[in-house]
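Below is one structure, written out as structure tokens; comments come after it.
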Amino acid sequence: MTTLFSKKYSVLLFLIFAFLGIQNTKAQENFSMLIDPDFTINIDPDSRWSYNFNLSNRDIIYEDEEYNFDAQHLQLSHFTSYEVGFYSKLSLGIRYRFKEIFDKDIQDEVRIVEQFGHSRKYNSLKVAHRARFEQRLREITTYRTRYRFSVELPLSGQRVDQNEFFIIGNTEALFSVGSEERPKLEQRFSVALGNELWTKTKATLGLQYRYEDYTRDPGSELFITSEIILSL
């Protein structure tokens with residue numbers, strides 16, 4: 001009974017903070033709200049190699065102080081990773097964003113990603129670090145470095161079992177530069193509530209707040225994120 005009450009209380013608290021966050025950010029200038037659903041397949045064979053496949057979609061639902069649906073892109077991505085040591089991985093990834101099908105004036109984007117990840121559990125708390133270097137190939141070429149710190153915690157017990165909830169929080173700093181654009185800084189903050197629906201199948205629902213170009217021309221975006229994660 002206590003565990004069930006704890007789960008319901010945690011979900012209710014998450015929804016309240018999500019609603020307050022949306023209402024607060026809508027009052028800001030130069031603000032947009034988007035939805036970003038994802039479907040991910042992780043393949044982790046009995047070796048040092050692992051593989052990740054992802055399909056995602058992004059749509060604007062609020063912009064210029066009014067609600068309006070505007071599809072942005074459809075994205076396919078793949079990462080191949082190699083385990084180094086006990087807790088770290090080196091990864092190489094590629095992403096393709098289909099933009100022209102939604103707007104003929106915008107070119108599709110290819111993104112190449114080099115990544116180092118380190119994650120470790122401390123009792124029930126999982127702590128992870130991720131560093132990325134990206135090359136964004138589109139009308140112009142942009143080089144971007146990223147560092148993300150994240151934590152994951154089950155809401156009951158020492159691990160996440162079937163039908164149990166967990167919470168994820170992270171923050172990420174980004175620096176972008178290109179030959180035809182000035183340097184830009186960005187900070188992101190995310191929180192999500194997850195549930196292990198079945199064995200090796202998880203679902204998450206969360207919010208991500210992005211504060212862009214905050215040293216020159218600040219702008220903010222709020223993403224409503226969702227993801228289905230299937231591990232094989």
**Fill in**
Separation between CZ (Arg95) and OG (Ser56), nearest 0.5 Å, reads 7.0 Å

**Aromatic plane relationship, Tyr62 with Phe31 - under 30° parallel, 30 to 60° tilted, over 60° perpendicular** = tilted

**Prompt:** Hey, are Glu172 and Arg146 close enough for a salt bridge, meaning a charged N less than 4.0 Å from a carboxylate O?
**Reply:** yes

**Message:** Angle between ring planes, Tyr147 versus His129, binned at 30° and 60°: parallel, tilted or perpendicular?
**Reply:** parallel

**Prompt:** Thinking salt bridges, do Glu186 and Lys184 make one under a 4.0 Å N-O criterion?
**Reply:** no

**Message:** Test of understanding: clusters of I, L, V, M, F, W, Y form through side-chain heavy atoms closer than 4.5 Å, transitively. Do Leu137 and Ile101 belong to the same one?
**Reply:** yes

**Message:** According to a hydrophobic-cluster definition based on side-chain heavy atoms being under 4.5 Å apart (Ile, Leu, Val, Met, Phe, Trp, Tyr only), do Phe79 and Leu90 belong together?
**Reply:** no

**Asked** If you measure from the Lys or Arg side-chain nitrogens to the Asp or Glu carboxylate oxygens, is any gap between Asp108 and Lys99 under 4.0 Å?
**Response** no

**hydrophobic_cluster_shared for Ile60 and Tyr67, side chain cutoff 4.5 Å** = no

**Item:** Pair Tyr96 and Phe98, ring centroids less than 6.0 Å apart
**Value:** yes

**Request:** Please round to the nearest 0.5 Å and tell me the distance separating atom CG of Leu205 and atom CG of Leu193.
**Result:** 7.5 Å

**Complete:** In Arg132, Glu134, Lys89, the residue satisfying side chain to side chain donor-acceptor pair (under 3.5 Å) with Gln115 is Arg132

**Request:** Could you label the plane-to-plane angle of the Tyr209 and Phe189 rings as parallel, tilted or perpendicular, counting under 30° as parallel and over 60° as perpendicular?
**Result:** parallel

**Prompt:** Should Arg182 and Asp213 count as an ion pair when the cut-off is N to O under 4.0 Å?
**Reply:** yes

